[in-house]
Amino acid sequence: MRVADKTTQRNYIKYLNKARNDYAETNMKIASGNRFIKLSDDVSAGTRMLNSRVELFKSEKQLSNVQAINSEFKAVEDSMMSMNDVLNEIIGTKLVKAASETVSDTGRVTIASEIKSMKEELIQFANMKFATKYPFGGSTAKVAPFSFDADGRLLYNGVAVDSVQQRTDGTRYYVDENGVEQDIAMDNPLFLDIGLGVRVDGTKFNAVSGFEASFSGLQVLGFGTSDKGYSNNIINILTDIEDVLVNNYDPEKLSELQGHLTDRVDVFRTNVTDIGAKTNFLDTMEERLQNQVDNYKFRIDELVGINDAEEATNQSMNDYILKAVIQMGSQILPVSLWDYLR
């Protein structure tokens with residue numbers, strides 16, 4: 001059977017274009033590191049790759065949240081442990097000594113002065129700053145939350161801590177001069193997505209599905225007053241103890257205040273334990289999310305990435321085929337067409 005010259009030329013050009021395309025495609029794969037460039041090149045793998053990228057983005061965001069929260073929680077835990085050391089010194093040493101019958105009035109005044117200095121140290125820890133915020137000031141505090149009024153009583157975000165009350169839903173408030181309930185500024189909890197499966201019930205965020213990433217200094221140091229009218233705030237209790245030691249020393253009242261302080265410090269220590277448990281949990285979540293991120297990256301690389309050794313072999317073969325096709329063209333094509341193709 002005789003094959004026409006035009007058919008030979010057409011077939012040759014088709015093979016030449018294929019060899020060139022294969023060579024260029026393999027070069028592109030090697031240069032980009034991707035097995036395919038367009039989704040249409042492999043719809044199945046491309047779809048799975050896109051889904052994996054969405055999950056990777058979510059996991060990376062959750063990991064970033066966990067790492068940021070964990071750093072802040074550890075700083076808060078360190079601060080609260082330091083506060084606990086100071087409180088141990090006050091209860092275990094200073095107040096025991098102050099209650100002793102062998103201590104003179106002058107000695108009690110000295111102890112009161114020491115307690116005042118340690119109280120100021122506690123406030124420094126409570127007003128700690130982390131990055132651009134004050135963790136004990138609530139959700140987004142940009143200024144130190146604790147200060148004193150003219151009478152030396154503690155204020156939290158400008159509100160007297162002894163006047164703060166708590167509703168049945170856990171939110172805290174105070175009653176202003178007009179008898180109207182006012183929420184405490186920046187005292188609402190802040191929740192972040194750390195991979196627990198954030199949910200919204202209707203239009204309301206489901207707090208159980210998020211992680212509370214904010215602190216309240218009110219919860220840590222106490223607020224309101226007891227049934228006997230004593231402050232429930234550790235700092236104000238210490239102020240009352242100072243007053244007893246310096247003015248009109250009353251052993252019975254000192255004993256009551258000491259017992260009340262011990263109770264409030266026990267609550268404080270419960271908060272310290274809670275923070276420690278949360279940091280341990282965050283450590284576990286950080287490790288799990290890091291593994292999750294690594295797995296998604298590996299899956300994407302498997303779906304899209306190339307095998308370097310395999311593609312190098314393919315490129316060597318494509319190079320050989322292209323050269324062979326070009327060499328064959330010099331023998332089967334007219335000189336004028338061959339010169340054009342070259």
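Below, each value reflects all heavy atoms present in this structure, side chains not excepted, and no hydrogens, waters or symmetry copies.
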Just wondering, do [Y] and [X] contact through their side chains at under 4.5 Å, heavy atoms?
X: S163; Y: V159; answer: yes
X: R167; Y: R172; answer: no
X: L238; Y: I90; answer: yes
X: M80; Y: F125; answer: no
X: F73; Y: E77; answer: no

Check: Where is the tightest heavy-atom contact between G222 and R264, given as atom of each residue plus distance?
Finding: CA-NH2, 4.4 Å

Backbone of [Y] reached by a side-chain donor or acceptor of [X] within 3.5 Å:
X: T270; Y: D266; answer: yes
X: T225; Y: G229; answer: no
X: R108; Y: V103; answer: yes
X: S71; Y: Q67; answer: yes
X: N84; Y: R269; answer: no
X: T110; Y: T106; answer: yes
X: D169; Y: T171; answer: yes
X: N157; Y: G137; answer: yes

More than 12 non-hydrogen atoms from neighbouring residues, nucleotides or ligands closer than 6.0 Å to [atom1] on [X], yes or no?
X: D227; atom1: CG; answer: no
X: N248; atom1: CG; answer: no
X: K253; atom1: NZ; answer: no
X: Q166; atom1: CD; answer: yes

Check: Applying the 4.5 Å side-chain criterion to the ILVMFWY set and letting contacts propagate, would M81 and F215 be lumped into a single cluster?
Finding: yes

Margin query: Can you list everything that forms a salt bridge (Lys or Arg N to Asp or Glu O under 4.0 Å) with R299? Sequence neighbours excluded, please.
Written below: none

Checklist line | Partners passing salt bridge (Lys or Arg N to Asp or Glu O under 4.0 Å) against D294 (at least two apart in sequence or in another chain) | finding: none

With a 4.0 Å cut-off on N to O distance, would you call [X] and [Y] a salt bridge?
X: E242; Y: K119; result: yes
X: K278; Y: D274; result: yes
X: K58; Y: E55; result: yes

Will you find, in the side chains of [X] and [Y], an N or O donor that is under 3.5 Å from an N or O acceptor?
X: S231; Y: N233; value: no
X: Q165; Y: Y173; value: yes
X: S226; Y: N232; value: no

Euclidean distance, [Y] [atom2] relative to [X] [atom1], rounded to 0.5 Å:
X: L95; Y: L254; atom1: CG; atom2: CG; answer: 6.5 Å
X: E287; Y: L282; atom1: CD; atom2: CG; answer: 13.0 Å
X: M128; Y: S79; atom1: CE; atom2: OG; answer: 5.5 Å

Check: Passes side chain to side chain donor-acceptor pair (under 3.5 Å), H260 versus D240? Steps please.
Finding: CA-CA 11 Å; H260 188 49; D240 292 335; over 6 Å; no

Notebook entry, point to check: Taking the six-membered ring for Trp, are F146 and F136 ring centroids under 6.0 Å apart?
Noted result: no

Next item on the list: Determine whether the aromatic ring centres of F223 and Y156 lie less than 6.0 Å apart.
Entry: no

Next item on the list: Would you check, one step at a time, whether the test side chain to side chain donor-acceptor pair (under 3.5 Å) holds for N70 with D283?
Entry: CA-CA 7 Å; N70 204 7; D283 285 339; 2.8 Å; yes

Margin query: I want to check a possible cation-pi pair here: R153 against F148, using under 6.0 Å from ring centre and within 45° of the ring axis as the test.
Written below: no

